Structures are given as structure tokens and as C-alpha cells.
Amino acid sequence: MGRGKLRIYLGAAPGVGKTYAMLSEAHRRVERGTDCVVGFVEHHDRPRTEVMLHGLEQVPRRELAYRDAVFTEMDVDAVLRRAPAVALVDELAHTNVPGSRNDKRWQDVEELLAAGINVISTVNIQHLESLGDVVESITGVRQRETLPDEVVRRADQIELVDMSPQALRRRMAHGNIYKSDKVDAALSNYFRPGNLTALRELALLWVADRVDEYLNEYRSEHRVSAIWGSRERIVVGLTGGPEGRTLIRRAARLAEKGAGGEVMAVYIARSDGLTSASPKELAVQRTLVEDLGGTFHHVVGDDIPASLLDFARGVNATQIVLGVSRRKSWQYVFGPGVGATVARESGPDLDVHLITHAEAGKGRGLPVARGARLGRARVITGWLTGVLGPVVLALLLNTVDLGLANDMLLFLAVTVAAALVGGLYPALAAAAFGSLLLNYYYTPPLHRLTIADPRNIVALAIFVGVAVSVASVVDLAARRTHQASRLRAESEILSFLAGSVLRGETRLEELLERVRETFGMESVALLERESDVAPWTCAGRVGGGLLVGRPDDADVDMPVGDHMALALSGRVLPASDRRVLAAFAAQAAVVLDRQRLQHEAEQARALAEGNRIRTALLAAVSHDLRTPLAAIKAAVSSLRSDDVAWSEEDQAELLEGIEEGADRLDHLVGNLLDMSRLQTGTVTPLIREIDLDEVVPMALGGVPEDSVELDVPETLPMVAVDAGLLERAVANIVENAVKYSPPGARVLVAASALAERVELRVVDRGPGVPDDAKDRIFEPFQRHGDAPRGAGVGLGLAVARGFAEAMDGTLNAEDTPGGGLTMVLTLRAVDAVRAPARLAEPERQVS
């Protein structure tokens with residue numbers, strides 16, 4: 001059975017109608033006869049959404065007990081047994097209740113898809129992991145329930161459910177999203193027009209990028225070369241000259257005029273003057289285009305206009321920006337230039353902009369190098385010079401008598417000219433024709449191919465030798481120039497490759513994309529296998545060409561060691577390009593190894609941290625756990641002894657000792673369990689709105705009644721916290737303060753509102769803590785000063801800080817005026833900043 005297909009309704013904010021749209025689609029499919037069931041849909045008491053559930057089969061949910069409450073989650077096993085064609089699963093980013101099959105709902109969906117079940121789901125843009133910081137900066141609310149972007153990107157269909165901010169606020173005001181008691185707060189906080197507009201823009205841009213990916217894949221799969229102007233893409237042609245900055249800024253302004261405009265700067269390295277560009281200037285221009293939101297591309301091409309047009313058509317560009325040529329007027333006799341050629345050959349789909357700049361007409365800043373790969377026109381000209389040049393010269397010399405020596409020098413000049421223009425073979429032809437014409441017309445006896453004077457034979461032999469030697473030297477110099485130019489271009493590419501490593505661009509996909517752009521390929525894949533007989537597997541791949549299962553199936557394959565190869569599809573590369581490709585292949589293997597080593601290093605660090613904690617735990621509990629156990633054991637043995645008749649007072653004292661030891665053990669074990677949950681990252685708070693005066697008194701049950709002075713006003717704003725975690729955190733802080741307070745000194749627990757926060761201060765008059773130790777006391781298994789071994793394992797404050805941070809709060813230590821230590825627990829005030837659980841679509845966040 002094949003993998004199921006995933007369809008996602010993406011919204012910018014809660015209440016735009018994602019669930020309603022999903023249920024409408026379900027009704028349409030049921031009417032068409034599709035087997036469609038509801039795996040999990042939450043209507044949030046919205047009447048219109050609840051009505052849409054009628055007529056749809058719902059798979060019974062699984063009930064889970066957690067913290068004296070019962071929650072319901074999707075029953076994955078029941079859905080798999082039912083095996084429908086389509087399953088509706090709402091709130092893809094939801095965190096499941098502890099004890100569920102998976103931690104996240106999107107992992108449940110992955111199981112359904114793997115079983116061949118099609119899934120329709122919903123998600124809001126703020127739940128995408130990559131946008132968490134952006135959403136927090138816009139709304140002031142940190143989304144705790146997120147999912148990897150790749151989960152949504154892999155969806156077969158993504159449909160945007162859009163609604164204007166004004167319409168969404170009207171829905172909110174009419175009570176169609178939240179209950180009436182929450183409407184005013186929501187409209188004045190999370191659902192402000194500015195917030196909704198920014199979230200809507202995020203959603204639209206994200207979907208637009210995804211649509212762009214679909215379009216590129218389609219064009220690649222169907223080999224569409226024509227430009228589709230679905231989006232303004234502006235390619236800037238850079239030469240490495242100082243005018244590049246002007247071109248980049250002008251292109252950025254052009255892109256701003258159209259919605260979703262994109263700027264791509266491209267530098268083409270080839271065997272001519274462009275290879276002499278300043279690396280420093282190119283680095284400055286790369287930084288500039290990236291700062292303006294564009295991208296920089298470095299490709300190799302022998303023909304600059306053709307390579308530039310191929311790149312522009314390959315990225316579906318709509319405009320090309322070039323600078324006016326820096327050549328002087330007389331230099332145009334050598335050709336029309338890159339700008340004119342690109343404009344002539346761009347066709348009707350590409351607009352070419354020639355931008356004036358301060359360097360225009362000042363002459364080439366880059367020298368023109370000549371290569372052995374001469375153009376067709378030069379080769380033809382060379383042959384015409386080598387064949388017709390001696391004939392024309394002979395006709396001219398027949399009209400004047402300059403002497404044999406001068407005649408030979410003139411024929412030698414024609415031979416050198418043929419070598420300079422057309423290379424070695426036209427020069428050899430010129431030497432052969434010239435020697436025959438010299439013999440026939442100017443060497444006695446005239447008009448015969450015989451030579452009477454032996455000295456003329458020597459002269460003709462020297463002429464042929466000099467002509468061939470000069471032609472060979474000129475051709476060799478041309479080939480050496482071409483090789484030097486190509487090596488320079490290759491060194492620039494390799495330098496860029498090394499620079500990418502220094503800049504920290506160590507992702508394998510980025511490197512493979514660079515290979516694909518550099519060599520103009522459709523797809524690039526890095527393949528590996530464990531042995532000579534093992535099948536090949538893909539370690540990384542970019543591009544939309546045909547899938548490559550083996551290196552032999554690709555157009556170009558570059559081995560990397562014995563069991564790794566770089567496979568490229570698109571065209572066959574010349575042998576001269578394989579040297580640079582080999583460097584890219586070796587770098588790809590290094591990047592892959594580095595990624596794996598980093599992953600292993602992270603695992604090793606996690607193991608080392610676990611070992612450190614276990615070692616500290618064993619050292620800490622060796623006495624602190626055994627002491628109460630020993631006391632309990634002694635008391636129980638004494639009570640069970642038949643040798644002593646204990647009075648009621650003695651029995652009560654022994655039982656009290658047993659109870660104290662058991663309480664102490666319970667406290668220690670509780671802290672150990674809480675610390676383990678914090679270390680493993682399994683603490684996810686169940687955020688609710690509560691009053692501090694409801695929780696703080698409950699946290700004081702473990703200390704003597706006369707040891708604490710409580711000052712928590714009832715007028716304080718409510719806080720967004722997990723009541724259980726807050727109680728444990730406050731209890732640990734207060735117990736620590738009481739432990740270090742001098743006899744008779746009471747600990748003050750006071751609360752106050754400060755801006756958007758509520759502060760709970762626990763003040764003691766103990767010895768205090770030096771500034772350099774204030775952070776260290778919050779580390780696990782730390783006791784300050786000369787605290788006795790029986791004072792605990794040093795986890796109370798570490799657990800308290802961990803719980804505070806899990807609730808988006810802070811816990812810090814300050815000096816108490818007059819001596820002592822003050823613990824400041826800062827929490828979010830509900831009246832100032834709404835908790836995500838209330839302002840986002842009601843998502844159950846649990847620990």
C-alpha cells in the first residue's frame with residue numbers, strides 16, 4: 001500500500017475558518033462516496049463548526065488521566081483499525097497529553113500516512129517552528145506548541161484559509177471565536193489589527209514561497225524553458241567592477257515596485273576579462289545583495305551572454321539588469337558587447353535594463369585575455385588569412401620589385417598574422433602557400449617550381465622554419481593563456497568554496513545547490529553505500545531532475561573514496577570541468593562527515609551530561625537518602641521490639657520520627673523526579689489563569705506556621721501559570737529560605753504587580769550569598785557554604801528555576817537590605833499579556 005496524501009488548511013490566526021473549511025471538504029467527499037471519518041476535530045464550542053460535524057462518522061477518542069483530570073486525544077490505533085480512505089485530524093501542532101502514543105499530533109498523522117490513509121489537517125502560521133521568534137516579536141506571545149516546517153512543506157496540498165483583519169475582528173466581536181468574557185481582552189491584545197495584518201502577511205509569503213517551489217519542480221520535471229512571468233525575478237549581471245553596487249541597488253528598487261519581487265545577483269567566471277574581478281569587491285557586492293534581501297550566485301560559462309541568459313531562464317526570471325559597457329568607443333569594433341548581445345537574444349519574455357553608472361565609457365578595467373578556444377568567426381578569418389593572404393600578397397608584389405629578402409619578410413608577416421588570428425593550422429597553411437608562391441614567382445628560374453641557386457633553397461628552408469616556429473610559439477602562447485585563464489576561474493571557484501566553509505555554510509544541501517548552479521545541472525545527489533555489494537542510498541539531494549539510484553545512472557558521476565559518489569543529472573561535463581567537480585565532491589564528503597560528527601558530538605555531550613548528573617546524584621544521595629531511611633528503620637525496629645515496653649509518649653515520639661523521615665524522603669524523591677523531567681525536557685506546563693493567593697498558601701504546608709509572614713494582596717492581577725508547577729517552585733524557595741533563616745526570624749513572602757509582570761519575593765535574614773555564587777546556587781546538586789549533608793541534595797532551587805522558566809517566568813537571587821537573601825519569582829500577568837493557551841486557538845498544553 002502506498003503512502004497517504006496530506007492536505008493542510010493553513011491560516012494566519014485562530015478563527016479564520018480552517019476547521020470549518022476542512023469539515024466542508026469532508027462533506028463534499030462523503031457526498032461523492034469517499035470513506036471519510038473524523039479522527040479528531042475540536043469545535044471549541046463554536047456553534048457553526050459543531051453543526052458541521054453532524055453527518056460525519058467520528059472515531060471514538062482515547063481518554064487519558066493526567067493530574068486528577070481526564071483528557072481526550074485521537075485514538076491512533078482505532079483509526080488504523082478503521083482504515084478509512086480519508087481521516088480528519090485537527091490542530092496538527094498540538095502536544096499530546098503525557099501517556100499518549102506520540103508526543104506530538106503530527107507524529108500521529110505520520111503513522112496514518114504511512115499506513116496509506118489520506119489525512120486532512122489544519123495549522124496556523126504561528127505554529128511553524130522557523131517563525132517562532134518572528135511571531136513573538138509581533139504579538140508578544142511565545143508559541144509553545146510548534147511543529148517543524150518540513151512537516152508542512154512535505155504536504156501534498158496546502159490551502160490558505162484567508163480572512164481580512166477587519167472581518168476576523170468582527171467575528172470575534174460577535175462571539176463566533178471566543179466566549180464573551182474573553183472577547184475584549186483578545187481584541188485589545190493578540191487580535192489587534194496590526195498583529196493580524198502582520199500574521200496575514202507571514203502566511204501569504206510562506207504560501208507564496210511554497211507555490212514557487214511547486215512551480216520550479218513542475219518546470220524542471222516538464223523541461224519548460226520558456227519564462228512564466230508569475231513573479232518578478234530580477235537577475236543582476238555582475239562583472240566584479242565597481243559599478244556592481246549601483247546595479248544591485250537599482251535592481252532592489254525595481255523589485256520593490258512589484259509584490260514579492262526577488263533579486264538574484266550572478267557573477268559568471270570564464271576565460272576572459274571577467275576572471276580578473278577583485279575578490280574583495282565581489283565579497284562586498286555579495287554582502288550588499290544579501291543585506292537587501294537578494295541572493296548571490298557564482299557560475300562558470302565560456303560565453304557570458306549565453307550563460308547569463310541560460311541562468312535567467314533557468315530561474316524563471318522576468319528582468320535582467322546590466323551596466324552600460326565600460327569600453328571606449330573604438331573598442332566596439334571588436335563586437336557589440338555583452339549588454340547589446342543579451343538585449344538582442346533575450347526574446348520577448350525577458351526585459352533587459354541597461355543602467356548608466358560612473359564607470360561607463362572609461363575603458364575596460366579588466367584586461368581581455370585570449371584563449372585557444374577561438375570563436376568560429378576567428379577560425380574562419382584565420383583560414384582566409386592563411387590561404388588567401390599569400391595569394392593577395394603575391395598579386396601585389398608582382399606590381400613592384402622589392403627583392404627576394406623583402407618578399408620573404410612580407411610572406412612571413414602574413415604567416416604570423418594568420419597564427420595570431422586563427423591559430424596554428426591556418427599559420428601552417430600560410431607558410432606552405434607562401435613558400436610555394438615565393439618559389440614560383442620570385443626564385444630563379446621564375447614561374448617554375450625549381451630553384452637554380454642553392455642559396456635560395458637555404459633561404460626558403462629558413463623561411464618555412466621561421467614561419468612554423470613563430471606559428472607554434474603563437475599557438476602555444478594562446479593555449480597557455482587559455483589554461484591560465486581557466487585555472488584562474490577554477491581557483492576563484494575553489495576560493496569561494498573555501499570561503500563558504502569559513503563562513504560556516506556547512507549544510508550539505510547548500511553545497512549541493514552550489515554545485516548544481518556552478519555547472520548548470522538539473523539535480524545533484526550525494527550517494528553512498530556501506531560496502532561494494534550494498535545498495536546505494538541518497539545522503540543528500542537538490543534539484544528537480546530524474547531520481548538517481550546509482551552513480552552509473554547519472555550523466556556525470558564523481559567517485560569520492562570507495563563507497564561514495566557525487567551524481568549529477570542534466571548534461572555531460574567536459575573533462576576539464578571534472579577537476580573542480582572533484583574538489584566539490586571531496587568537500588561534500590567532508591561536510592557530510594562533519595554533520596554526522598556534530599550529531600555524534602551532541603549525543604556524546606548529552607551522555608556526558610547524563611553521566612555527570614548520575615555521578616553527582618549518587619554522591620549526593622549516598623548520605624541524604626540513607627539518613628532518613630536509617631532513622632525510620634531504627635524507629636520501626638524499636639516499636640516492634642518485645643524487650644522494651646514503650647509508653648504512649650515514647651511511641652508517639654517514634655511515630656513522629658517515622659513520619660518526619662518519610663516526609664523528608666518524599667521531598668527528596670520528588671525533587672529528584674522533577675530534576676530528571678527538567679533534564680529530559682518533558683516538562684510542558686498546563687497554562688491556566690489563576691490568582692496567587694490561591695496557590696501560595698498551599699505551598700507553605702511544609703514549613704512551620706510561625707516561620708513565614710504572608711503578604712499577597714487579593715487585588716493583584718491573575719497570572720498565567722501551571723498551578724502545580726508554581727506550587728512546587730514556591731514550596732522549594734520558601735523551604736530553602738526557612739532552612740537558612742536564623743531562629744526566631746520569619747521569612748517574608750510578598751507579591752506585587754510591576755508593569756506586565758507579577759513579582760513574588762521570598763525574603764530571609766540568613767547569611768546571604770556572595771554575588772559570584774548567586775547563579776551557582778541554582779545548579780543541580782549544589783549546596784552553598786557549609787550546609788550540612790543532611791540539608792538535602794541541592795536540587796530545590798534548581799527545580800524551582802526550571803519550573804519558573806517552563807512557565808515563561810524567571811527566578812533570580814538578590815541581596816536583602818540589612819543582610820540575607822531575596823528570591824524574586826517573576827510571572828506573566830494575564831491582564832497585560834494574554835497567555836497563548838487563551839489567545840491562540842484553544843490548544844491544550846500539558847506537562
Side-chain angles (χ1 to χ4, degrees), residues 3 150 153-154 213-225 266 268-270 297-303 306-307 309-316 486 489-490 493-494 496-498 500-501 505-596:
R3 178 179 173 84
E150 186 61 25
R153 287 184 178 275
R154 287 200 305 264
E213 292 177 12
Y214 280 133
L215 179 60
N216 289 336
E217 292 176 5
Y218 179 86
R219 286 170 52 84
S220 179
E221 291 174 0
H222 293 77
R223 301 184 182 276
V224 178
S225 59
V266 57
I268 301 175
R270 48 155 285 186
H297 305 268
H298 188 119
V299 300
V300 173
D302 292 326
D303 188 335
S307 299
L309 289 171
D310 288 343
F311 177 85
R313 293 189 177 103
V315 298
N316 201 30
R486 181 170 184 83
E490 292 177 358
I493 296 174
L494 296 177
F496 179 83
L497 180 61
S500 66
V501 177
E505 298 176 0
T506 56
R507 291 185 67 248
L508 180 61
E509 290 75 15
E510 293 178 354
L511 180 61
L512 296 182
E513 179 63 25
R514 187 65 59 185
V515 175
R516 190 184 70 82
E517 289 182 356
T518 300
F519 296 100
M521 291 295 181
E522 293 181 2
S523 66
V524 179
L526 183 63
L527 307 178
E528 62 176 352
R529 59 181 177 180
E530 296 179 357
S531 64
D532 293 335
V533 296
W536 289 93
T537 60
C538 183
R541 181 179 183 274
V542 296
L546 298 177
L547 294 176
V548 176
R550 298 180 305 167
D552 296 339
D553 299 334
D555 295 323
V556 180
D557 69 287
M558 175 58 65
V560 188
D562 295 331
H563 302 132
M564 189 176 293
L566 194 65
L568 296 82
S569 298
R571 65 186 179 93
V572 177
L573 287 181
S576 56
D577 288 338
R578 294 183 67 86
R579 181 167 54 249
V580 177
L581 181 60
F584 273 109
Q587 183 62 28
V590 171
V591 169
L592 180 61
D593 289 339
R594 183 184 293 117
Q595 286 182 352
R596 290 174 174 172

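Numbering of residues begins at 1 and proceeds along the displayed sequence. The shown structure was predicted, so the numbers you read here are calculated from the model rather than taken from an experiment. Scope of the values below: all heavy atoms of this structure, side chains included, with no hydrogens, waters or symmetry mates.
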## Note on the structure
Sorted by chain and residue number, the side chain to side chain contact (heavy atoms under 4.5 Å, CB included) partners of Val560 (sequence neighbours excluded) come out as Met564, Ala585, Ala589

## Note on the structure
Asp555 meets the side chain to side chain contact (heavy atoms under 4.5 Å, CB included) criterion, sequence neighbours left out, with Ser569

### Query
Looking at CG of Leu568 and CZ of Phe519, how far apart are the two atoms once the value is rounded to the nearest 0.5 Å?
7.5 Å

### Task
Look at Glu513 together with Arg516 and state whether they make a salt bridge at an N to O cut-off of under 4.0 Å.
yes

Where is the tightest heavy-atom contact between [X] and [Y], given as atom of each residue plus distance?
{"X": "Ala565", "Y": "Trp536", "value": "N-CZ3, 4.1 Å"}
{"X": "Leu592", "Y": "Ala539", "value": "CD2-CB, 3.7 Å"}
{"X": "Arg541", "Y": "Ser523", "value": "NH2-CB, 4.0 Å"}
{"X": "Ala588", "Y": "Leu526", "value": "O-CD2, 4.0 Å"}

### Task
For atom CD of Glu150, decide whether the heavy atoms of other residues, nucleotides or ligands shown that lie under 6.0 angstrom number more than 12.
yes

### Task
Name all residues meeting the side chain to side chain donor-acceptor pair (under 3.5 Å) criterion together with Arg596; count only those two or more places apart in sequence or in a different chain, and write none if there are none.
Glu528

### Task
Apply side chain to side chain contact (heavy atoms under 4.5 Å, CB included) to the pair Glu509 and Leu512, showing each step before the final yes or no.
CA-CA 5 Å; Glu509 290 75 15; Leu512 296 182; 5.8 Å; no

